[in-house]
Amino acid sequence: SGFSEVGGKMVPSYMVAFHGTPHKVDKFSTDKIGSGEGAQSFGYGLYFADNREVAEYYQDAFTDLSIPDPTNETEEFAKSVYEDAFEVWGAEDAIDMFEERLNDVFEDYAEDYPNIKKEAVLSAFNDLKKGAKKANLYEVELAPKENEYLLWDKSLSEQGKKVEKS
């Protein structure tokens with residue numbers, strides 16, 4: 001039928017799930033279990049979320065979009081605008097939205113840096129951002145059996161045997 005009962009709810013026999021990680025993953029496996037962010041907080045297994053926003057939280061948490069310390073006034077200006085863009089759009093979009101944010105705030109920042117040219121700031125930012133590293137977000141289809149789900153609203157004794165043993 002394509003559906004199974006899990007925790008009193010009918011769910012698809014397969015489900016779309018998401019995983020945020022700093023690592024490039026070609027195929028998920030159990031080889032790295034115990035080395036992740038949660039260090040298996042909820043037991044042995046691979047961790048996926050059915051809510052994309054949860055995986056995006058981990059993606060953002062693992063994203064290192066810091067840029068090196070500026071070495072001159074132009075780089076200092078660029079870093080200030082980048083940090084402003086980060087506050088407005090968050091980790092996911094800060095680099096992509098830098099130029100738009102620069103256009104929005106250039107006049108405000110320019111008062112403190114009267115000798116700075118917008119083109120020089122863009123060039124400096126392009127040099128600085130080479131050190132930034134975006135984490136990965138994966139979308140997968142899973143086909144877990146009913147006893148493999150961790151039911152958040154149930155106690156350990158109410159979990160499936162496979163979950164309870166982990």
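What you see is a predicted model; the values in this text were computed from it and never measured. For the single chain, residues carry numbers from 1 onward in sequence order.
Distance check: Lys117 NZ to Leu122 CG gives 14.0 Å after rounding to the nearest 0.5 Å. A distance of 8.5 Å separates CG of Asn51 from CD of Glu56, quoted to the nearest 0.5 Å. One distance of note links CG of Asn136 with OG1 of Thr21; it measures 7.0 Å at 0.5 Å rounding. Taken from CE in Met97 to CG in Asn103, the straight-line distance is 10.5 Å, to the nearest 0.5 Å. Note: Ile116 CD1 to Asn72 CG = 7.5 Å, rounded to the nearest 0.5 Å. Atom CG of Leu142 and atom CZ of Phe18 lie 10.5 Å apart (nearest 0.5 Å).
Applying the side-chain contact (heavy atoms from CB on, under 4.5 Å) test to Asp26 and every residue at least two apart in sequence or in another chain returns Lys24.
Remark: aromatic rings of Tyr82 and Phe98 are distant, center separation not under 6.0 Å.
Of all non-hydrogen atoms in Leu137 and Ala55, the two that sit nearest each other are CD1-CB, 3.4 Å.
Heavy atoms of other residues, nucleotides or ligands lying less than 6.0 angstrom from NZ of Lys118 number more than 12. Under a cut-off of 6.0 angstrom, the local environment of CD in Glu76 is crowded, with over 12 non-hydrogen atoms contributed by other residues, nucleotides or ligands.
Each of Phe28, Tyr58, Tyr138, Tyr47 was checked for a ring-ring contact (aromatic ring centres under 6.0 Å, His included) with His19, and the lone residue meeting it is Phe28.
Salt bridge Glu75/Lys79: absent, no basic N to carboxylate O contact under 4.0 Å.
Under a hydrophobic clustering in which Ile, Leu, Val, Met, Phe, Trp and Tyr are joined whenever their side-chain heavy atoms come within less than 4.5 Å, directly or via other members, Phe106 and Val81 fall into the same cluster. Residues Phe48 and Val16 do not share a hydrophobic cluster, defined by chaining ILVMFWY side chains whose heavy atoms lie under 4.5 Å apart.
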